[in-house]
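Down below is the structure, laid out as structure tokens.
To find a chain, count down the sequence lines: A is the first, B the second, and so on, and within it residues start at 1.
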Amino acid sequence: MNLPEATNFIEQYINEELEQGKFESVGNQICVRFPPEPNGYLHIGHVKALCINFGVKEKYHGKLNLRMDDTNPAKEDYEYVNSIVDAVKWLGFEYDNLFFASDYYDKLYEIAEKYITDGNAYVCDLSAEEITATRGTLTQPGVESPYRNRSVEENLKLFREMKAGIYPDGAKVLRAKIDMSSPNLNMRDPVLYRIAHVPHYRQGDKWCIYPMYDFAHPISDAIEGITHSLCSLEFENHRPLYDWVIDKAGFPAPRPRQIEFARLNITNMLMSKRYLKKLVDEGFVRGWDDPRMPTLMGLKNRGVPPEALKKFCADVGVAKNYGVVSLAQLDECIRDCLNTTAERAMGVIDAVKLTITNYSGEEELEFEKNPTDGSGAMRNVKFTGSVYIDRDDFAIEPPHKFKRLYKGGFVRLKSAYIVRCDDFATDEDGKVSEIFCTYFPETRSGSTVKSEIKAKGVIQWVDAKYGVKTEYRQYQPLLKDEQYPDQDYAERLNENSERIFFGYAEPYIAESEEGKPFQLMRTGYYKKMTSENGGLILSEIVSLKDNFNK
RNA sequence: UGGGGUGUCGCCAAGCGGUAAGGCACGGGAUUUUGAUUCCCGCAUUCGUAGGUUCAAAUCCUGCCACCCCAGCCA
């Protein structure tokens, strides 16, 4: 696993601290964490954070904790924690511990009481609206809460009563006592604990007060001995609070250092959790793991190898600039990875019969399983002179530079023979119904006999007798469009995002290992296969019907 | 408008005072039984901008400009 190239600035910080001896007391062991909230499935945007954190772990022979940041019981569930664990494992990352912020609730509560005792926190009776109203604005300082100077005893009593459940939701909160006139709004007496009479998926009814992110996260890091808390740019404004919270809690040095980096954005890629959830909840897709989804499980089902995602992150790098990487870069990583790993097979989607008029009998031809993996593994394909080809590979009126078949033209049937089209038949709609060709025996694949016959193009085919009737499902990944976001987005996205085709495939496909990605050979369809032209691994074989001819 | 960030090729991104890496995209050529792959070759005299310091600046200083983040009892 490679650390993304441009992790330099993070490495620089760590190296400097190491040189200064900041971590000598902890044996110079670097410890990081990946802290998702289990309120949704991991998507491609999370891979970057995963790569950075696991990259640091590996580089410094450190440790990494996977920690569920589950401090908001209203949104979280085991379904999500399981999906997150599965996704991390699918990517091939090995974490050292699986922790839950909710396991620290007791400790967190204890520290909250210490804050009160030390005069660093107070119970505030203001309503949410009142707190907002007294927070001030970007340019004006806030107003101190009238409850700000309650005695330690009263605060303790009130906080314990909050915990005991005698107050309804929203009646009171615990606030940090910092500075209502700080230019950083996060420091204007932020809320530390709120009342929520909501059962927690792991803690049940044990609690009715829950810690806020700004309190729970730094403390969790400190408890676990995290040395570097890597997060995205929007938390830069929280760093002073992060430091304050840990310092006031009284943890021994070294204090974990929060370092921020820019999150991953990809052009045309839908990554808003709100819409992804809408697509799932309203049934526009079959689930979080639908191949059209940008979730890791969706990508997996689409045939994207985890290595491609890691390469992508390494190529893209890490910096603090807000940037949007083009989808083409992701596509390239997927193509690159698949090129050397995916086995090839022939299949046609919109089939047209091609009959070789001067061929009789049948034979077995050799076909390389993957011409680029270096294995040289071969498979056999039966050929009877009567085949199906893709409609797109034949043109009645060939466009300029058309390399495939047309009347009077030559083309090679991949791994078989060069054929010449002599004629074709059409149905009443004018659609080509059958193509008649002559084949040239001396052009047999692998033949050492020199032939005058040349073909510019090569097309794939499926034998009419031995081919297998196939139902293909083709997916268009869900991409943002120019009107995004609007209310009809989900509906619009769904249109044409999934199509069923009936075609033919060589029997080899049916024998393939389950879950192994296949690059369906698509001669001439696309110059390059991309997510946007629908050419990149978007086909899946839904069902195979044996021996349709019999 | 206060504070925190960021500005280097169409898109990412190195660079940290010594004279602009790399990837993607793009263009040209060679090989090719996937119009794929592979393979060459090309692609910023210029680093948001205006000044200043220096023998020397994308790198240091100053002033502007642009964009992003922050006023959840979300994370």
**Asked** Can A:K310 and A:E307 be counted as an ion pair, charged N to O under 4.0 angstrom?
**Response** no
**Prompt:** Any donor-acceptor pair under 3.5 Å between the side chain of A:E236 and the base of B:G5?
**Reply:** no
**Item:** P gap between B:G15 and B:A21, integer Å
**Value:** 13 Å
**Prompt:** Atom CG of A:L330 to atom P of B:A25: distance rounded to whole Å?
**Reply:** 12 Å
**Request:** Could you label the plane-to-plane angle of the A:Y359 and A:Y439 rings as parallel, tilted or perpendicular, counting under 30° as parallel and over 60° as perpendicular?
**Result:** perpendicular
**Request:** Given ring-ring contact (aromatic ring centres under 6.0 Å, His included), test A:Y213 with A:H217 step by step and report yes or no.
**Result:** CA-CA 5 Å; A:Y213 166 86; A:H217 196 87; 4.9 Å; yes
**Prompt:** Just how far, in rounded Å, is C1' of B:G15 from NZ of A:K320?
**Reply:** 17 Å
**Prompt:** In the strands shown, is B:G51 matched to any nucleotide by a Watson-Crick or G-U wobble pair with both distances under 3.5 Å, and which?
**Reply:** B:C61
**Request:** Mind calculating the distance between CZ (A:R239) and C1' (B:G5) to the nearest angstrom?
**Result:** 9 Å
**Item:** A:H200 (side chain) donor-acceptor with A:D70 (main chain) under 3.5 angstrom
**Value:** yes
Please tabulate, one pair per line, each protein N/O and nucleotide N/O from nucleotides 46-49 of chain B that are separated by under 3.5 Å, including the distance.
none

**Asked** When all nucleic acid strands are considered with a 4.0 Å heavy-atom cut-off, which category describes A:R263: base, sugar-phosphate, or nothing?
**Response** nothing
**Complete:** By the Watson-Crick or G-U definition, both distances under 3.5 Å, B:U33 is matched with none
**Request:** Quick one: classify the glycosidic conformation of B:G72 as syn or anti, with syn meaning within 90° of 0.
**Result:** syn
**Message:** Whole angstroms only, please: what is the CD1-C1' distance between A:I44 and B:C12?
**Reply:** 14 Å
**Nearest heavy-atom neighbours spanning A:S326 and A:I266** = C-CG2, 4.3 Å
**Prompt:** Please give, in whole Å, the distance from B:U32 C1' to A:E368 CD?
**Reply:** 13 Å
**Asked** On RNA chain B, nearest-nucleotide positions of A:T267 versus A:K403: which is more 5'?
**Response** A:T267
**Item:** Sugar-phosphate, base or nothing in reach of A:K456, heavy atoms under 4.0 Å
**Value:** nothing
**Item:** Integer-rounded Å distance: B:G22 C1' and A:Q329 CD
**Value:** 11 Å
**Message:** Using atom P in both nucleotides, what's the gap between B:C26 and B:A36 to the nearest angstrom?
**Reply:** 12 Å
**Message:** Using a 4.0 Å heavy-atom cut-off, does A:G457 contact any base of the nucleic acid, only the sugar-phosphate backbone, or nothing at all?
**Reply:** nothing
**Message:** Would you say the rings of A:Y406 and A:F394 are close, in the sense that their centroids are separated by under 6.0 Å?
**Reply:** no
**Prompt:** Taking the same atom, C1', in B:C61 and in B:G28, what whole-Å distance lies between them?
**Reply:** 46 Å
**Prompt:** Quick one: does A:R404 reach the base of B:G35 with a side-chain donor-acceptor pair under 3.5 Å?
**Reply:** yes
**Message:** Ring of A:F99, cation from A:R67 - is the NZ or CZ under 6.0 Å from the centre and inside 45° of the axis?
**Reply:** no
**Item:** Centroid-centroid under 6.0 Å between A:Y115 and A:Y122 rings
**Value:** no
**Prompt:** What's the CH2-P distance between A:W461 and B:U33, to the nearest Å?
**Reply:** 17 Å
**Request:** Quote, to the nearest angstrom, the P distance that separates B:G4 from B:A75.
**Result:** 26 Å
**Request:** Identify which nucleotide among B:G35, B:U33, B:C11 has an atom closest to any side-chain atom of A:R412, counting heavy atoms from C-beta outward.
**Result:** B:U33
**Request:** Return the orientation label for the A:Y504 and A:Y388 ring planes: parallel under 30°, perpendicular over 60°, tilted otherwise.
**Result:** parallel
**Message:** I'd like the C1' distance from B:C60 over to B:G23, given in whole Å.
**Reply:** 31 Å
**Prompt:** What nucleotide, of B:A13, B:A25, B:G5, holds the atom closest to the side chain of A:A328?
**Reply:** B:A25
**Request:** Can you check whether any acceptor in the base of B:U33 is under 3.5 Å from a donor in the side chain of A:S445, or vice versa?
**Result:** yes
**Complete:** Paired to B:C67 by Watson-Crick or G-U wobble criteria (both distances under 3.5 Å) is B:G5
**Request:** Please work out whether the ring planes of A:F410 and A:F440 are parallel, tilted or perpendicular, with thresholds of 30° and 60°.
**Result:** tilted
**Prompt:** Taking atom C1' in both B:C40 and B:C47, what distance in whole Å separates the two?
**Reply:** 29 Å
**Message:** Using atom C1' in both nucleotides, what's the gap between B:U38 and B:U32 to the nearest angstrom?
**Reply:** 9 Å
**Message:** Across nucleotides 67-75 of chain B, 5' to 3', mark each nucleotide with B, S or - according to how protein heavy atoms within less than 4.0 Å reach it.
**Reply:** --BBBSBSB
**Request:** Determine the Euclidean distance between corresponding P atoms of B:G63 and B:G17; express it in Å to zero decimal places.
**Result:** 22 Å
**Request:** Evaluate the ring planes of A:Y13 and A:F9, with Trp represented by its six-membered ring, and classify them as parallel (under 30°), tilted (30 to 60°) or perpendicular (over 60°).
**Result:** perpendicular
**Item:** Watson-Crick or G-U wobble partner of B:A44, both distances under 3.5 Å
**Value:** none
**Fill in**
Contacts of A:K277 meeting salt bridge (Lys or Arg N to Asp or Glu O under 4.0 Å) (sequence neighbours excluded), chain-then-number -> A:D281
**Message:** From NZ of A:K414 over to C1' of B:G35, roughly how many Å is that when rounded to an integer?
**Reply:** 13 Å
